[in-house]
Amino acid sequence: MNLDSKIPEGPLSEKWTNHKGHNLKLVNPANRRKYHVIVVGSGLAGGAAAASLGEQGYQVSCFCYQDSPRRAHSIAAQGGINAAKNYQNDGDSVYRLFYDTIKGGDYRAREANVYRLAEVSNNIIDQMVAQGVPFAREYGGMLDNRSFGGAQVSRTFYARGQTGQQLLLGAYQQLSRQIGLGQVKMYNRHEMLDLVLVDGHAKGIITRNMVNGKIERWAADCVVLCTGGYGNTFFLSTNAQGCNVTAAFRAYKRGAGFANPCYTQIHPTCIPVHGDQQSKLTLMSESLRNDGRIWVPKSKEAAEKVRKGELDPGAIPEEERDYYLERKYPSFGNLAPRDISSRSAKEACDDGRGIAPGSGLGVFLDFRDAINRLGENVIAERYGNLFEMYNRITAANPYKTPMMIYPAVHYTMGGLWVDYNLESNIPGLFVGGEANFSDHGANRLGASALMQGLADGYFVLPYTVGDYLGRCGIHSAGKTKSDAPGFSEAEQAVKDRITRLLNIKGKESPRSFHQRLGHIMWQYCGMARDKAGLEKAIELIPELRKEFWENVKVLGEEAELNQELERAGRVADFLEFGELMCRDALMRDESCGGHFRTEHQSAEGEAVRDDDNFAFVGVWENQGDDKPPVLHKEQLVYEEVKFTTRSYK
Amino acid sequence: MDLHLRVWRQKNSETSGKFVNYELKGVSEDSSFLEMLDILNEQLVEKGEEPVAFDHDCREGICGMCSLVINGMAHGPERATTVCQLHMRHYSDGDTITIEPWRAKAFPVVKDLIVDRGAFDRIIQAGGFITARTGSPQDANELLIPKPIADKAMDAAACIGCGACVAACPNGAAMLFTSAKCSQLNLLPQGQPEKDRRSLAMVAAMDSEGFGNCTNYGECQAVCPKEITLDFIAKMNRDYAGARIRHFFGKAI
């Protein structure tokens with residue numbers, strides 16, 4: 001597998017400018033309409049890429065599984081988007097944003113990509129304001145900022161607690177404009193079920209029309225996947241119900257390398273699990289940690305009384321509370337990065353000091369002091385909608401009693417391997433947003449996902465996709481048709497798989513299998529992992545998969561709207577992908593960022609990296625069904641930063 | 001708790017539908033309404049009956065995909081709450097719950113509780129945007145926007161495009177949805193250059209999709225999960241009237 005990262009020559013701060021200004025090929029505006037580009041996914045990365053490519057003059061087809069591109073899960077991001085504007089005069093710079101992101105990712109991200117991300121962050125804010133995104137403002141009319149985890153500057157721009165929604169709608173409006181102009185054709189309720197290669201290049205996809213079940217072929221000059229992350233492998237996560245790994249996994253099956261699948265982010269501030277009827281976990285924005293203080297009782301006895309409802313948390317005196325993040329990480333306190341905060345919550349609960357009724361799996365996020373200091377009005381202005389949301393879900397009032405939170409699967413840093421141009425090892429297959437692996441290393445900092453999605457979609461892919469098309473040459477434009485070899489085989493494979501799923505006629509529902517997989521993943525490949533557990537999972541998952549293919553019950557027909565069939569197809573892929581995650585976690589015999597191997601921790605319980613042996617991107621190549629995948633490595637070479645042990649103390 | 005459900009079942013847009021009764025037992029009061037439907041569907045699958053199709057995705061009240069009329073109320077009885085955030089603790093053991101899809105001429109039923117809201121997308125495509133090429137616009141802070149205006153624009157921008165306003169309106173009007181986007185952009189300085197074009201185009205698209213007219217029932221505001229208010233409709237009417245007059249004199253921008 002060719003893993004040439006294609007990082008341009010020159011100093012870090014000049015790479016991108018030189019690369020886009022000199023190296024990348026251009027396509028003449030009059031020729032662009034002859035090329036057809038497929039974009040799968042309509043979130044920040046996909047929506048922005050489709051809109052920008054359409055605006056440049058390419059013919060674009062964009063696909064999403066929802067009923068409208070406006071519903072992609074980018075919409076659910078709450079807290080904000082980072083940019084190195086230094087509007088607060090607190091010493092921020094492109095370099096600091098770059099450095100914080102590399103450090104936050106525990107030195108497992110590709111340096112040049114991260115620098116570019118920090119560099120274009122400022123353009124994103126300008127662009128989104130020009131599009132009419134109503135960011136929060138100060139009375140003087142200038143933009144307001146807030147702080148986020150893992151940084152000592154205020155660089156996060158926000159639109160109440162709905163920043164993701166506002167940015168996504170900004171991108172959606174640009175996409176809509178291009179749809180109205182006829183530059184982009186939008187296909188809602190279409191799910192990509194396979195990638196088509198022609199002469200080794202990505203030249204098309206196979207989709208299922210989710211309303212009438214029709215399987216269709218789509219030919220193009222290149223394919224851009226912006227299909228999000230794979231957090232739903234765990235069944236319970238903060239992802240939307242429909243989020244899935246299928247498009248990326250189908251690309252992997254066709255030869256694309258899958259990088260760092262074990263890197264998952266467990267977000268520290270989610271509402272605790274309440275029972276076995278639950279279908280999803282709800283995130284409370286990290287921004288709450290600006291004013292909320294996280295604690296558990298110092299004594300197990302007090303914690304037990306709280307769990308049983310015998311002790312009101314407000315009655316626990318100050319000296320009997322353990323504000324463990326402030327105690328362990330005094331300089332970052334409650335704004336320690338997500339992986340560290342999550343792990344500390346787990347430690348406190350493992351220690352018997354968790355406070356959620358029943359399971360105990362929960363810690364307090366307390367606004368008492370902030371309300372006393374600032375007044376309820378100020379807190380309501382900052383977090384009112386989040387407090388209301390908490391109240392709707394739990395029926396508790398966070399103005400009066402502390403919130404209960406617990407970590408939950410939230411984001412996946414791993415994804416399809418891409419080079420500096422965001423092109424995978426399959427020529428013509430580009431991958432943007434959460435679906436690729438490149439920018440967040442082993443842990444993503446808060447307010448960086450929105451930044452990366454928009455950076456890829458607006459400021460990277462429009463250049464690099466054009467470069468690929470330019471390199472292919474105008475003689476090739478629009479030449480691939482859907483009767484090319486590769487299409488019929490892929491289409492047949494998709495149809496066969498659907499027929500197979502419908503004909504098993506077993507006894508257990510796809511949802512039930514998904515839930516069982518989720519239990520295995522959370523237990524053995526969750527917040528803490530070890531060799532024995534991962535080996536166990538690698539035994540259990542194939543057994544469950546076998547059972548699935550013998551006993552799954554998929555009702556309904558092929559040629560109609562069939563949500564059970566949709567779910568079954570996605571679960572089938574999760575059942576294979578979960579094993580790949582465990583294999584990667586087993587291979588990575590170190591702790592880094594969100595990947596915590598209990599064998600590798602310091603006396604204080606901090607993650608211990610092994611830079612000598614594991615400073616690489618682990619890229620998996622599929623070897624066909626029932627054969628273990630092969631590992632390839634892209635060494636991570638740092639020109640600018642030096643490996644140091646992360647410290648937030 | 002145990003519940004009696006009356007659920008609208010309809011095979012596809014070509015066939016007519018009907019209510020079907022189901023008995024559901026053992027629902028936790030901590031479950032959300034959609035989790036209750038998940039339980040129903042698991043039981044139907046167990047019995048070999050086709051599960052109820054319904055739209056849902058984020059389940060945290062922001063994507064706007066879920067769309068159920070519950071006992072005659074779009075999104076159910078709770079103020080400012082989407083169905084996915086409605087919890088069963090608001091119901092009691094033995095309750096009868098009637099569940100229907102959005103009903104409006106412009107939102108045809110696709111299957112069971114799922115409707116086609118493509119008309120909303122087409123209204124946005126007609127003019128619900130600011131023409132801002134991807135590139136290098138001016139620095140974001142060079143454009144000062146007074147906080148009250150930014151806040152008002154944000155109030156409008158909070159719309160999730162779920163369509164409850166249409167489902168609740170006796171006229172099947174999309175005025176609240178259309179005015180929310182139109183007003184957000186018309187309020188902001190960035191939106192001024194194409195304000196008239198936008199107002200005219202969005203209203204024209206809304207009319208051509210078959211939505212009804214506004215006669216000030218106010219039902220839309222009452223059911224809106226994001227509490228978008230009627231004054232945006234008033235604002236759009238003013239913007240539209242101004243644009244029509246300028247258009248008549250050939251002065252529309």
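A heavy-atom distance below 4.5 Å is not found between the side chains of Phe129(B) and Leu175(A). Side-chain atoms of Lys111(B) and Gln563(A), non-hydrogen and from C-beta on, never get closer than 4.5 Å to each other.
Heavy atoms of Ala126(B) lying under 4.5 Å from chain A are absent altogether. For Leu143(B), the parts sitting under 4.5 Å from any heavy atom of chain A are the backbone and the side chain alike. At a 4.5 Å heavy-atom cutoff, the contact between Gln125(B) and chain A is made by backbone and side-chain atoms alike. Proximity to chain A involves both the backbone and the side chain of Asp155(B), based on heavy atoms less than 4.5 angstrom apart. Neither the backbone nor the side chain of Asn12(B) comes within contact range of chain A; no heavy atoms are under 4.5 Å apart. Interface remark: Gln131(A) contributes backbone and side-chain atoms alike to the contact with chain B (heavy atom separation under 4.5 Å). Neither the backbone nor the side chain of Glu142(B) has a heavy atom closer than 4.5 Å to any heavy atom of chain A.
A salt bridge links Glu381(A) with Lys147(B): at least one charged nitrogen is closer than 4.0 Å to a carboxylate oxygen.
In terms of modelled atom types and a separation under 3.5 Å, the side chain of Gln127(A) and the main chain of Arg133(B) share a donor-acceptor contact. For Arg89(B) (side chain) and Ile393(A) (main-chain N/O), a donor-acceptor pair under 3.5 Å exists by modelled atom type. Counting only distance, with no hydrogens or angles, the side chain of Arg160(A) and the backbone of Asp151(B) share a donor-acceptor pair below 3.5 Å. Without hydrogens or angle criteria, Gln66(A) side chain to Met65(B) main chain gives no donor-acceptor distance under 3.5 Å. Judged by distance alone, with hydrogens and angles left aside, the side-chain atoms of Glu55(A) form a donor-acceptor pair with the main-chain N or O of Thr134(B) at under 3.5 Å. The main-chain N or O of Ala240(A) is never found under 3.5 Å from a side-chain atom of Asp57(B) such that the two would form a donor-acceptor pair. Looking at Gln85(B), its side chain never comes within 3.5 Å of a backbone N or O of Met389(A) through a donor-acceptor pair. Listed for the Gln184(B) side chain is a donor-acceptor partner under 3.5 Å among the backbone atoms of Gly132(A). No side-chain donor-acceptor contact under 3.5 Å links Gln173(A) to the backbone of Ile124(B). Side-chain atoms of Gln174(A) do not come within 3.5 Å of backbone N or O of Thr131(B) as any donor-acceptor pair.
Scanning all heavy atoms of the two residues, the minimum distance from Glu60(B) to Thr282(A) falls at CB-CG2, 4.2 Å. The shortest non-hydrogen separation linking Gly48(B) to Lys553(A) is N-NZ, 3.9 Å. For the residue pair Ala132(B) and Ala130(A), the shortest heavy atom distance occurs at CB-O, 3.8 Å.
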Worked verdict on Asp116(B) versus Val211(A) for side-chain contact (heavy atoms from CB on, under 4.5 Å)
CA-CA 10 Å; Asp116(B) 179 354; Val211(A) 176; over 6 Å; no
Steps toward side-chain contact (heavy atoms from CB on, under 4.5 Å) verdict (His87(B), Arg392(A))
CA-CA 8 Å; His87(B) 280 66; Arg392(A) 266 196 293 277; 5.6 Å; no
Stepwise side-chain contact (heavy atoms from CB on, under 4.5 Å) check, Arg117(B) with Arg71(A):
CA-CA 12 Å; Arg117(B) 285 170 288 192; Arg71(A) 312 215 193 273; 3.6 Å; yes
For side-chain contact (heavy atoms from CB on, under 4.5 Å), just list the numbers for Arg189(A) and Ile114(B), CA-CA rounded to whole Å, side-chain angles, deciding distance to a tenth of an Å, and then say yes or no.
CA-CA 12 Å; Arg189(A) 294 199 200 266; Ile114(B) 296 179; 3.4 Å; yes
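Remark: the Glu42(B) side chain and the Ser509(A) side chain contain an N/O donor-acceptor pair separated by less than 3.5 Å.
Between atom OG of residue Ser279(A) and atom CD1 of residue Ile39(B) there is a gap of 9.5 Å, rounded to the nearest 0.5 Å.
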